[in-house]
Amino acid sequence: MVKEKVLVIGASGQIGVELTLALRKIYGNNNVVASDLREENELLKGSGPYVSLDVMNKEMLHVQVIRQNITQIYLLAAILSATGEKNPNLAWHLNMQGLLNVLDIAREEKLHKVYWPSSIAVFGPTSPKQDCPQRTVIEPSTVYGISKYAGEFWCNYFFERYGVDVRSIRYPGLISYKSAPGGGTTDYAIEIFHEALEDRRYKCFLKEDTYLPMMYMPDAIRATIELMEAPAAKLTVRTAYNVAALSFSPKEISGEIQKHMPDFAISYEPDYRQNIANSWPASIDDSVARADWGWKPEYDLSRMTADMLENLKG
Ligand code: NAD
Ligand code: AKB
């Protein structure tokens with residue numbers, strides 16, 4: 001078996017912490033190097049190597065890849081939708097240049113595989129709202145969505161032109177309790193649990209009937225690993241795969257929380273994130289991922305809600 005050495009960039013973030021821990025179980029603690037611009041997340045401490053690294057510094061990144069004999073990179077460093085609308089230039093710069101730095105190094109060093117996540121944010125107001133297909137009209141209206149869509153085509157280009165085995169998923173909004181979310185529009189679906197447990201009330205920044213595609217983190221981690229372990233010959237999509245699990249509104253998730261906490265109350269005060277949410281589909285068709293590499297979600301709304309509350313209660 002080929003020995004793999006994995007570098008996770010953005011390992012202290014919402015996905016990075018859980019993905020790093022999952023990859024360490026597969027490849028061994030010392031074969032997964034966590035890296036981030038910010039300090040090492042508490043949950044990673046003591047579980048394996050950590051380096052401080054800026055993905056925008058291509059030379060330093062290249063040095064680390066050579067020095068550590070890296071064979072795979074998982075690139076998670078990015079600016080998400082809500083923060084991106086506050087600073088479009090920064091979002092474009094990090095989301096694009098960070099990816100190009102990684103793809104260039106992967107080509108030069110002949111890395112075995114690269115993982116880079118896209119998002120349902122590639123879809124825009126002209127995409128179908130329900131069961132949005134893998135291939136459809138894609139006209140994103142946020143800088144985050146534009147950067148993800150351009151990124152998907154850079155991945156496809158590096159695969160077609162240079163044979164870089166880069167794989168990608170269009171994650172829905174991800175819900176988790178281990179590490180905090182990083183500035184997205186779907187973050188309300190995490191905040192609501194924390195506020196419910198602390199205050200028994202939550203003021204939501206989206207309207208009650210705003211349906212969005214969502215997924216519980218264990219499903220997202222499993223999707224990522226299953227895609228990365230799938231035989232290359234099975235993959236028909238080299239931009240990014242649609243994957244789906246849940247679709248719910250703030251009213252629906254608050255109703256689910258009320259089943260566990262009858263005195264929980266939600267109110268609504270939509271802000272600039274409502275426009276972002278309005279531009280995205282409500283649900284996603286993931287039949288291509290199911291057919292190509294056997295994707296199937298495990299968590300529904302009620303199971304996810306019960307698990308979130310149980311884990312956050314501690
Ligand atoms: P996050 O913001 O929680 O984590 C990103 C990490 O990258 C942070 O720890 C940050 O410090 C680090 N970082 C930022 N700039 C860096 C730099 N220059 N060099 C090195 N590290 C840097 O984000 P996340 O939610 O974990 O998302 C990870 C990826 O998944 C992103 O590409 C995001 O677009 C994508 N995604 C996330 C979601 C979601 O709901 N969380 C949904 C769809 C797609
Ligand atoms: C966001 O809301 O920006 C992210 C995403 C869906 O990409 N959670």
Side-chain angles (χ1 to χ4, degrees), residues 13-15 78-92 94-95 117-133 136-150 170-176 180-196 198-217 220 242-258 264-285 301 304-305 308:
Q14 190 198 356
I15 302 172
I79 292 195
L80 280 78
S81 60
T83 311
E85 290 311 292
K86 289 189 173 154
N87 199 335
N89 285 334
L90 183 67
W92 176 255
L94 173 64
N95 295 3
S118 183
S119 162
I120 55 102
V122 293
F123 299 116
T126 50
S127 302
K129 276 275 166 218
Q130 302 299 334
D131 296 329
C132 190
T136 184
V137 177
I138 298 189
E139 296 177 332
S141 58
T142 62
V143 67
Y144 175 65
I146 298 168
S147 74
K148 288 295 182 189
Y149 199 42
R170 291 172 179 155
Y171 290 131
L174 301 182
I175 299 159
S176 67
T185 304
T186 58
D187 291 7
Y188 91 83
I190 301 170
E191 285 175 14
I192 194 170
F193 286 102
H194 290 272
E195 302 282 318
E198 273 162 34
D199 281 345
R200 306 269 156 182
R201 61 185 64 248
Y202 176 61
K203 192 192 286 175
C204 186
F205 57 76
L206 297 182
K207 288 187 199 157
E208 62 175 16
D209 56 353
T210 311
Y211 280 82
L212 287 171
M214 301 277 190
M215 183 179 282
Y216 197 32
M217 190 62 88
N242 279 12
V243 293
L246 313 168
S247 168
F248 58 77
S249 63
K251 190 175 174 187
E252 255 181 38
I253 192 173
S254 69
E256 200 59 42
I257 292 173
Q258 278 158 351
F264 171 65
I266 186 165
S267 57
Y268 302 93
E269 200 172 291
D271 65 15
Y272 70 101
R273 289 168 281 195
Q274 185 66 48
N275 279 341
I276 303 176
N278 288 346
S279 77
W280 293 346
S283 62
I284 297 290
D285 176 336
L301 179 58
M304 182 273 288
T305 303
M308 279 292 283

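Side-chain atoms are counted along with the backbone in the values below, which use heavy atoms only and exclude waters and symmetry mates.
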Task: Side-chain H-bond candidate by donor/acceptor type, Gln130 with Tyr211, under 3.5 Å - done: no
Task: Min side-chain heavy-atom separation Leu212-Leu206 under 4.5 Å - done: yes
Task: Distance in Å, Met308 CE paired with Ile175 CD1, rounded so as to fall on 0.5 Å steps - done: 7.0 Å
Task: Atom pair CD1 (Ile266) and NZ (Lys251), whose distance is rounded to the nearest 0.5 Å - done: 10.5 Å
TODO: Flag the pair Glu256 / Ile192 as yes when at least one side-chain heavy-atom distance between them is below 4.5 Å, and no otherwise.
DONE: no
Open item on the list: Taking the side chain as everything from C-beta on, heavy atoms only, tell me whether Phe193 gets closer than 4.5 Å to Tyr202.
Closed with: no
- [ ] Give a yes or no answer on whether the side chain of Asp131 reaches the backbone of Asp285 with a donor-acceptor pair at less than 3.5 Å.
- [x] no
TODO: Using atom types as modelled and distance alone, determine if a side-chain donor or acceptor of Lys207 lies under 3.5 Å from a backbone N or O of Pro250.
DONE: no
TODO: Report the distance from atom OH of Tyr171 to atom CE of Met217, rounding to the nearest 0.5 Å.
DONE: 7.5 Å
Open item on the list: Can you tell me if Lys129 has over 12 outside heavy atoms packed within less than 6.0 Å of its NZ?
Closed with: yes
Open item on the list: How close do Val143 and Glu85 get, counting heavy atoms only, and between which atoms?
Closed with: N-OE2, 2.9 Å
TODO: First locate atom CD of Gln14, then atom CG of Asp187, and finally report the distance between them rounded to the nearest 0.5 Å.
DONE: 7.0 Å
Open item on the list: Using modelled atom types and a 3.5 Å cut-off, is there a donor and acceptor pairing between side-chain atoms of Asn95 and backbone atoms of Lys148?
Closed with: no
Open item on the list: In the structure I gave you, are the side-chain heavy atoms of Tyr268 and Gln274 within less than 4.5 Å of one another anywhere?
Closed with: no
Task: Arg273 with Asp271: basic N within carboxylate O range, under 4.0 Å - done: yes
- [ ] Work out which heavy atom in Ile276 is nearest to a heavy atom in Ala82; give both atom names and the distance.
- [x] CD1-CA, 4.1 Å
Open item on the list: Would you say Thr185 and Ser81 are linked by a side-chain donor-acceptor pair, where the criterion is simply a distance under 3.5 Å?
Closed with: yes
Task: CE on Met215 to OG on Ser176, rounded to 0.5 Å - done: 13.0 Å
Open item on the list: Restricting to non-hydrogen atoms, name the atom on Ser249 and the atom on Tyr188 that form the minimum distance, rounded to 0.1 Å.
Closed with: C-OH, 3.5 Å
Task: For the student: nearest non-hydrogen atoms of Ser141 and Ser279, plus distance - done: OG-CB, 3.4 Å
Task: Heavy-atom pair of closest approach, residues Pro281 and Pro213 - done: O-CD, 3.1 Å
Open item on the list: Please check: side-chain N/O of Ser247 versus main-chain N/O of Ala282, any donor-acceptor pairing under 3.5 Å?
Closed with: yes
Task: Any Leu174 side-chain heavy atom under 4.5 Å of Thr186 side chain - done: no
Open item on the list: To the nearest 0.5 Å, what is the distance between CG on Leu90 and CD1 on Ile79?
Closed with: 3.5 Å
TODO: Give a yes or no on whether the backbone of Val137 and the side-chain of Ser127 come within a donor-acceptor separation of less than 3.5 Å.
DONE: yes
Task: Any Thr83 side-chain heavy atom under 4.5 Å of Tyr144 side chain - done: no
